[in-house]
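In listed order, ligands and their atoms are each counted from 1. Residues take their numbers from the sequence shown, with the count starting at 1.
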Amino acid sequence: MKYRIVRYEEIDSTNLEARRLSWQGAEHGTVVIAEKQTAGKGRRGRTWESPQGKNLYFTILLKPNIDVEKIQMLTIVMAYSVARVVKRALGVMAQIKWPNDIVLSGKKVCGILTEMHMQENRVEDVLVGVGINVNIEEFPSELQDKATSIYLETKKKIDREALLKEVIEEFHEQYLVFLEAQELSFLQEEYNSMLVNKDKEVVVLDPYGEYNGVALGINTNGELLVEKEDNRIETVFSGEVSVRGLYGYV
Ligand code: BTN
């Protein structure tokens, strides 16, 4: 990608900064990266722990000409890209917890927060924020059974700059395929093979009522197909799916 990297030692959140830069006219392909975030954002209003100098916190600003209902597919494209890079570069078995967590040994190593802004019914910009636990050696006790880092899994210190470059390049490649196709059949099979939820019992936390089922994989829109106990297949668009049996991490 013709990308421009904007670096900060410390920022509130790279997603927030990317949004501010977008307002000031920053171009598609701008990557905002920080050594530390003071208000790192997770999904659903959670915070994302962002200590100094150990991990990767970055946001890719995109200004794609696509329909609003397709934007969430970009989260899938990014999760797929990160999982591929981790697997290829580090030789560790990366899995994906739909839609957007990368998991190593049953613990979360990467989260993705995609945010979008609209202006007069069209998508103005999309912020794909990525947090990867790279070289961090220890987590606060409440996270220890849920989170891990590449270092903790491989016992190797990773060159964060090289990892960043690989992820950006992989994402760019996949992004171009996605833009052309406007759907996800090109990655469906491989994504599903990395899906930690696949063929597992999951609990779908639907706002209209929780239900259980078996996750079958994503469809070409990136939605999760879940077979309920009565054999009906539900399509899960968003919301939280918890995976039973995944150690400490539901
Ligand atoms: C999640 O809850 O799993 C999503 C976490 C996303 C964290 C990243 S770190 C870089 C970017 N800036 C933020 O404030 N959040 C995302």
Which one of I136, L143, V109, V103 satisfies the side-chain contact (heavy atoms from CB on, under 4.5 Å) criterion with T148?
-> V109
Ring centre gap for Y175 and H28 strictly below 6.0 Å = yes
Test side-chain contact (heavy atoms from CB on, under 4.5 Å) applied to S141 - qualifying residues, sequence neighbours left out | none
Within residues 178-198 or reaching into it, pairs that qualify as salt bridge (charged side-chain N to carboxylate O under 4.0 Å, His left out) - sequence neighbours excluded = R84-E190
At a 4.0 angstrom heavy-atom cut-off, ligand 1 is contacted by S13, T14, N15, Q37, G40, K41, G42, R43, W48, Y57, F58, T59, D101, K108, G111, I112, L113, G129, V130, G131
side-chain contact (heavy atoms from CB on, under 4.5 Å) with V177: which residues, sequence neighbours excluded?
-> F186
Only one of K41, R43, R19 clears salt bridge (Lys or Arg N to Asp or Glu O under 4.0 Å) with E115; which?
-> K41
